[in-house]
Amino acid sequence: MEWEVVIGLEVHAQLATQSKIFSGAATAFGAEPNTQACAIDLGFPGVLPVLNKEVVNMAIKLGLGIHADIARQSVFARKNYFYPDLPKGYQISQYELPIVSKGYLDILLDDGTTKRIHITRAHLEEDAGKSLHEDFHGMSGIDLNRAGTPLLEIVSEPDMRSAKEAVAYLKTLHSLVRYLGICDGNMQEGSFRCDANVSIRRKGDPLGTRTELKNINSFRFVERAIQYEVERQIALVEGGGKVRQETRLFDPQKNETRPMRSKEEANDYRYFPDPDLLPLAVTTEQIEQIRHALPELPQQKHQRFMEQYGLSAYDATVLVSSRAMADYFEEAVIASGNQAKLTANWVAGELSAALNKSDIEITASPVTAANLGKLVLRIADNTISGKIAKTIFESLWNKEGDVDHIIEKQGLKQVTDSAAIEDLIEKILAANPQQVADYRSGKDKLFGFFVGQAMKESGGKLNPQQLNAILKEKLS
């Protein structure tokens, strides 16, 4: 029988506050070790946690963004376990009564269909510190800067059935938290990280034993880790073995998972309500104020881009993947004279490739949205060809002026004079009599040869539509 893969994800989104969840210590990334940990973060005797209100507002934003229930009263609990980088010996989290529950996200699959992934809960908690092993010989260093950093843990139902579905869900959630402005989504810095729960079963059987793949910090690694783990579990069961419930780490160099520890159950943590924190009360008025202040979210923007600009679902998905890219596109469309499809092609194609190659965000693009839109406009009004536009794009990237200045300075204006194009074609046909005879005898593929010769001779400046039309006429 065919195996079925069952996947659920637990995502830790670091909330984009200036201070920690229960103290006034800073949360800036990259500070010297142990310079951003105060007495509350270190768990000194006699200190009391004070809840950061902005953390609550951000959790409510997420709840509204995933169509979830927002608890009017939730409770913070102590989750007890010992790690060297957890000074108190417990983590303040939420257990039985989380602030957000019963939500969902719709994800777009590769075949163009939509699938709904249900979200069990999203709860607030504090981060632990970090153990450092690289710079010490035979010892570990402890950096407590991260201790107390606010996290929102978002737990999905086991609704995903492949590594690709898991990545699609993760990307959709990543886009949402950035649109909401509650998390910067920086996976390299650990602001958005994922634990994947993976199991297999025969179709129709109860859920199998799951393993947890811990702290994966890139979309590519999530896909590779799940694929490896699925293959490992199938091979293990088909070989007569049993899957152990455990936590495993993914090694991207070896492309494999390895055991870390046996998987704890909830009762191992001895949860109980934190006596230092009152139940968290949220009012309907507070929720409605936040609802009215929400930005246009990815799915709403996706639908609008399709309706307003006539874009395909795929193009809209690419463009709304980040709020910055969507804003760039809309500014460029205005500058292009509303050439939406052509603008979308340039933003998703040439521009995105250049940004990826230089490893920079669209907000730092050397080519402004206004200049890209002007470039598209000059293609649309036949001032330049698409091929010449790529040359101009390179000049824009190197900040050599605006579009019209570059066209004028480099003499790149497209040739649209029919008489001039005819003269050039006649010259090329006269220079290649054998190829003309071969074309007329049925070798149609030689048409591309003549186009190439004409473009070479003109420096790529001929209008392609006029060239093709006149060339066909002359050859016939």
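One is the number of the first residue; the rest follow in order along the sequence. Heavy atoms only: backbone and side chains are in, while hydrogens, waters and symmetry mates are out.
Considering only heavy atoms from C-beta on, Glu246 stays 4.5 Å or farther from Met260 through its side chain. Residues Ile379 and Ser385 have side chains not in contact (no heavy-atom distance under 4.5 Å, counting atoms from C-beta outward). Thr368 places none of its side-chain heavy atoms less than 4.5 Å from the side chain of Asp402. Residues Leu375 and Asn371 are not in side-chain contact: their nearest non-hydrogen atoms beyond the backbone lie 4.5 Å or more apart.
No side-chain donor-acceptor contact under 3.5 Å links Ser93 to the backbone of Ala77. A donor-acceptor contact shorter than 3.5 Å is absent between the side chain of Arg291 and the backbone of Leu64. Put simply, the side chain of Ser74 never gets that close to the backbone of Ala71: no donor and acceptor are under 3.5 Å apart. The backbone N or O of Asp143 lies less than 3.5 Å from no partner atom in the side chain of Asp85, so there is not a single donor-acceptor pair. Looking at Thr149, its side chain never comes within 3.5 Å of a backbone N or O of Thr27 through a donor-acceptor pair. The backbone N or O of Met160 sits nowhere less than 3.5 Å from a side-chain atom of Glu165 that would complete a donor-acceptor pair. Side-chain atoms of Thr317 come within 3.5 Å of backbone N or O of Ala313 as a donor-acceptor pair. Gln94 places no side-chain N or O within 3.5 Å of a backbone atom of Glu125 that could act as its donor or acceptor partner. Between the side chain of Ser365 and the main chain of Ile362, no donor-acceptor pair closer than 3.5 Å is present. A donor-acceptor pair is defined here as one N or O able to donate and one able to accept, closer than 3.5 Å; no such pair exists between the side chain of Asp127 and the backbone of Ala147.
Sorted by first and then second residue, the ring-ring contact (aromatic ring centres under 6.0 Å, His included) pairs with a member in residues 27-62 form an empty list; sequence neighbours excluded. Among pairs with a residue in residues 142-201, those fulfilling ring-ring contact (aromatic ring centres under 6.0 Å, His included) read His174-Phe192, His174-Phe219, at least two apart in sequence or across chains.
Under the 30°/60° scheme for interplanar angles, the aromatic rings of Phe22 and Phe76 are found to stand perpendicular.
Taking 4.0 Å as the cut-off between side-chain N and carboxylate O, Glu229 and Arg232 count as a salt-bridged pair. With respect to the salt-bridge test (charged N to carboxylate O, under 4.0 angstrom), the residues Asp315 and Lys341 qualify.
Applying the salt bridge (charged side-chain N to carboxylate O under 4.0 Å, His left out) test to Arg121 and every residue at least two apart in sequence or in another chain returns nothing. Tyr90 pairs by the side-chain hydrogen bond (donor to acceptor under 3.5 Å, both in side chains) definition with Arg78, not counting sequence neighbours. Partners of Thr17 under the side-chain hydrogen bond (donor to acceptor under 3.5 Å, both in side chains) rule, at least two apart in sequence or in another chain, do not exist in this structure. Ile334 pairs by the side-chain contact (heavy atoms from CB on, under 4.5 Å) definition with nothing, not counting sequence neighbours. Legend: residues meeting side-chain hydrogen bond (donor to acceptor under 3.5 Å, both in side chains) with Tyr228, ordered by chain and number and at least two apart, are absent. Legend: residues meeting side-chain hydrogen bond (donor to acceptor under 3.5 Å, both in side chains) with Asn52, ordered by chain and number and at least two apart, are Ser19. Partners of Tyr314 under the ring pair (Phe, Tyr, Trp, His ring centres under 6.0 Å) rule, at least two apart in sequence or in another chain, do not exist in this structure. With sequence neighbours left out, the side-chain contact (heavy atoms from CB on, under 4.5 Å) criterion links Arg270 to Asn80. In this view, His12 satisfies the ring pair (Phe, Tyr, Trp, His ring centres under 6.0 Å) rule with no residue, not counting sequence neighbours.
Arg202 forms a cation-pi arrangement with Trp3, by the criterion of a distance under 6.0 Å to the ring centre and an angle within 45° of the ring axis.
Distance check, rounded to the nearest 0.5 Å: CG of Leu86 to NZ of Lys79 gives 10.0 Å.
Side-chain contact of Asp184 with Gln14: a donor-acceptor pair under 3.5 Å is absent, judged by distance alone. Between the side chains of Gln245 and Thr209, not a single donor N or O lies within less than 3.5 Å of an accepting N or O.
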Can Glu256 and Arg258 be said to form a salt bridge (Lys or Arg N to Asp or Glu O under 4.0 Å), step by step?
CA-CA 7 Å; Glu256 64 181 21; Arg258 62 172 185 269; 5.8 Å; no
I'd like to know whether Asp41 forms a salt bridge (Lys or Arg N to Asp or Glu O under 4.0 Å) with Lys20, so could you lay out the CA-CA distance, the side-chain angles of the two residues, the decisive distance to 0.1 Å, and finally the verdict.
CA-CA 9 Å; Asp41 309 322; Lys20 295 185 179 178; 3.3 Å; yes
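For Lys115, the NZ atom is densely surrounded, since the number of other residues' heavy atoms within 6.0 Å is greater than 12. Under a cut-off of 6.0 angstrom, the local environment of CG in Asp359 is sparse, with at most 12 non-hydrogen atoms contributed by other residues, nucleotides or ligands. Under a cut-off of 6.0 angstrom, the local environment of CZ in Arg161 is crowded, with over 12 non-hydrogen atoms contributed by other residues, nucleotides or ligands.
Tested against Tyr269, the residues Phe82, Tyr81, Tyr95 include a single ring-ring contact (aromatic ring centres under 6.0 Å, His included) partner, Tyr81.
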Cut-off 3.5 Å, no hydrogens considered: what does the side-chain donor-acceptor table look like for residues 96-110, sequence neighbours left out?
residue	atom	partner	partner atom	Å
Asp106	OD1	Arg116	NE	2.8
Asp106	OD2	Arg116	NH2	3.1

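Here the closest non-hydrogen pair linking Ser199 and Gly208 is CB-O, 3.8 Å.
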